Each structure stands twice: as structure tokens, then as C-alpha cells.
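Heads up: the structure comes next, in C-alpha cells.
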Amino acid sequence: MLLIYCPYCQEERPELEFAHAGEAHIARPTNMADISDEEFETFFFIRSNPKGLAYERWRHVHGCGCFFNAVRDTVSDKFLATYKTGEPKPDIDSLTKKGDGK
Amino acid sequence: MVETAAMILPHEGNAAGTGVVTITPAAFASRLSIRARAEAVAPLSRALGVKLPDAPKTSAKSRNGKRTALWLGPDEWLVIDEAGADLMAPCAKVKQLHAAVDISHRNVALIVSGKGAEAALKAGCPQNLSLEAFPVGACSRTMLGKVEVVLVRDDAETFRVEHWRSFSDYVFGFLAEAIRDPVI
Ligand SMILES: [Zn+2]
């Protein structure tokens with residue numbers, strides 16, 4: 001069973017309680033009516049989908065109900081870090097050096 | 001002849017047990033779902049006579065022990081009153097912004113009790129339910145089989161399994177099946 005650390009529940013909880021919610025840190029344009037179709041397409045549809053470390057939104061939907069962000073390795077499925085919504089991206093270099101994520 | 005319709009309540013007649021665990025429907029209780037920001041937590045706690053806990057996975061009881069407030073999320077609580085008291089009226093007096101919804105009829109509960117209670121729930125709940133990880137008074141929204149439930153540990157060998165009434169047949173069937181396992 002894959003365990004995911006929820007930053008709101010402050011403990012590791014089973015994967016079954018969580019839902020993936022897409023790429024994290026995508027800012028909604030503040031001038032939505034002014035942007036071109038191409039710019040809208042980029043914001044709305046285009047995702048980085050990296051092989052390796054990805055910043056993702058997750059939701060503890062069958063737990064505390066909160067959305068939070070995670071750094072996950074899409075190759076190994078390993079979570080390097082999870083952090084509360086609104087907190088800055090953690091530094092990937094320090095995460096990979098430290099080895100394990102909490 | 002006058003025809004009358006009899007209402008069949010969820011879990012009516014549902015009971016199951018073995019030598020080590022029993023499953024019984026909980027008596028009617030009133031229930032309240034609360035969403036509130038930090039500034040409303042203390043006034044709501046005062047109005048309801050029970051502290052809305054701020055630590056994850058914890059619950060608190062009123063002085064008479066009949067009312068329990070469960071932490072579900074950082075801004076979400078479930079209040080259960082086993083005496084069936086009106087929980088909306090005290091909240092209506094609270095001036096701070098909050099959302100209180102009476103869900104007395106949305107939820108029902110089963111009491112799973114006995115030496116085999118923890119094992120019975122583990123048949124379908126992925127959480128660590130050992131006494132160290134899930135002590136007496138601990139509570140959590142989680143999964144049981146395919147449905148969402150709220151678990152409360154009333155004592156070392158007794159759990160309250162709160163769930164939506166439309167899932168009642170599934171939850172009872174799941175647990176009744178689980179306790180037939182010889183390892184439980
Ligand atoms: Zn959580």
C-alpha cells in the first residue's frame with residue numbers, strides 16, 4: 001500500500017483516501033477576457049507531464065477533504081514532499097539530496 | 001379497511017455477531033456538519049457546549065458525555081448528540097461566519113464491538129487502527145470497502161461507524177460478511 005503524508009492530517013495515510021488533481025502551481029490569468037485563444041489553450045490544456053519529478057495537486061478527499069501539493073517522481077511513484085496549498089515550491093535539489101520525503 | 005404504510009428505518013433488524021464481535025445499529029442521534037474559520041471556533045464551541053477540537057484525528061465530549069465533536073478537517077467538524085438534541089438552535093446565536101447543516105437524517109451508524117472489532121474493520125479500512133495509531137477518542141473520515149465512513153473509537157474494543165443512510169445495506173453487509181472470516 002502506498003502511503004501519502006497529508007500536511008493537514010500530519011500523518012501518512014493510505015493512498016485509497018486520496019485523489020490526484022492535476023498539475024500544481026498553474027496560475028489562472030487575471031486578464032482572462034484579453035488573452036488570445038492560443039494563450040488560453042496553453043493555460044487550460046497544456047501540461048508539462050515530465051518523466052521524473054512533477055509538482056502535483058492532490059486531495060485528501062476521503063480524509064480531511066483538503067487540497068495540497070506534492071512533489072512526486074513519475075517514474076518510481078515516490079513522493080519526495082507534500083506541502084500545504086499556498087506554500088512555495090520546495091527546492092528539488094535539497095529534496096533529492098536528503099533522499100526521503102516528508 | 002384503512003391501509004397504513006410502515007416506515008422501515010435503515011439498519012432496522014440488522015444485527016450480527018460472533019463470539020468475539022457484535023455489530024448493532026446505533027440509536028438515533030442528531031448530527032451537525034460544521035464548516036468554520038478559526039474566529040468562529042471558540043464561539044461555536046461555547047454555544048454547543050463541546051470544544052471543536054483543533055488537532056487532527058481527535059474528538060471531544062461535552063460534560064454529560066452525550067455530545068461529541070469530531071475533527072474531520074482543519075475547518076470541518078461533525079457533531080453527534082446521542083440525546084437527539086436540536087443542534088441548529090445554539091449555532092444560530094453565533095454571530096461569526098460559519099456553515100452549520102443538520103445532517104441527522106443523512107447519517108446512520110453501526111456499533112462494532114468486541115475483541116474482534118478492530119480486525120472486522122480492517123477487512124475494509126486501509127488505515128492503521130491499532131491502539132497506538134488510533135487511540136480511544138480518535139476519529140477519522142476514511143474508507144470501508146467502497147464507501148466513505150467516519151470512524152470513532154469509543155473504547156479499546158468499540159468503534160462507531162458513521163455512514164450515509166443510503167450506504168447502510170452495503171456497510172452492514174460488508175461487516176457481517178467480514179466477521180465470518182475465521183481469523184476474526
Ligand atoms: Zn488530510
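This is a predicted model, so every value here is computed, not measured. Letters go in sequence order (proteins before strands), and every chain restarts at 1.
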Using the rule that two of Ile, Leu, Val, Met, Phe, Trp, Tyr join whenever any of their side-chain heavy atoms come within less than 4.5 Å, decide whether [X] and [Y] are in one cluster.
X	Y	answer
B:Met88	B:Leu44	yes
B:Val41	B:Leu48	yes
B:Val171	B:Ile103	no
B:Val112	B:Phe167	yes
B:Met143	A:Val61	no

When Ile, Leu, Val, Met, Phe, Trp and Tyr are grouped by side-chain heavy atoms lying under 4.5 Å apart, directly or through other members, which residues fall in the same group as B:Met7?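 Members besides B:Met7, by chain and number: B:Leu9.
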
So which part of A:Cys66 gets closer than 4.5 Å to some heavy atom of chain B, the side chain, the backbone, both or neither?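 Contact with chain B involves the side chain of A:Cys66 alone.
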
Kindly provide each donor-acceptor pair between chain A and chain B shorter than 3.5 Å, listing atom names and distance.
from	atom 1	to	atom 2	distance (Å)
A:Glu11	OE1	B:Lys57	NZ	3.2
A:Glu11	OE2	B:Lys57	NZ	3.0
A:Arg13	NH2	B:Ser140	OG	2.7
A:Arg13	NH2	B:Arg141	O	3.3
A:Glu17	OE2	B:Gln127	NE2	2.9
A:Glu17	OE2	B:Thr142	OG1	2.6
A:His62	O	B:Thr142	N	3.4
A:His62	ND1	B:Glu148	OE1	2.6
A:Gly63	O	B:Arg141	NE	2.7
A:Gly63	O	B:Arg141	NH2	3.1

Count the heavy atoms belonging to other residues, nucleotides or ligands that lie under 6.0 Å from CZ of B:Phe28, then report whether that count exceeds 12.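 Buried by this count: over 12 neighbours within 6.0 Å.
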
Determine the minimum heavy-atom distance between A:Cys64 and B:Pro74, stating which atoms define it.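 It is CB-CD, 4.1 Å.
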
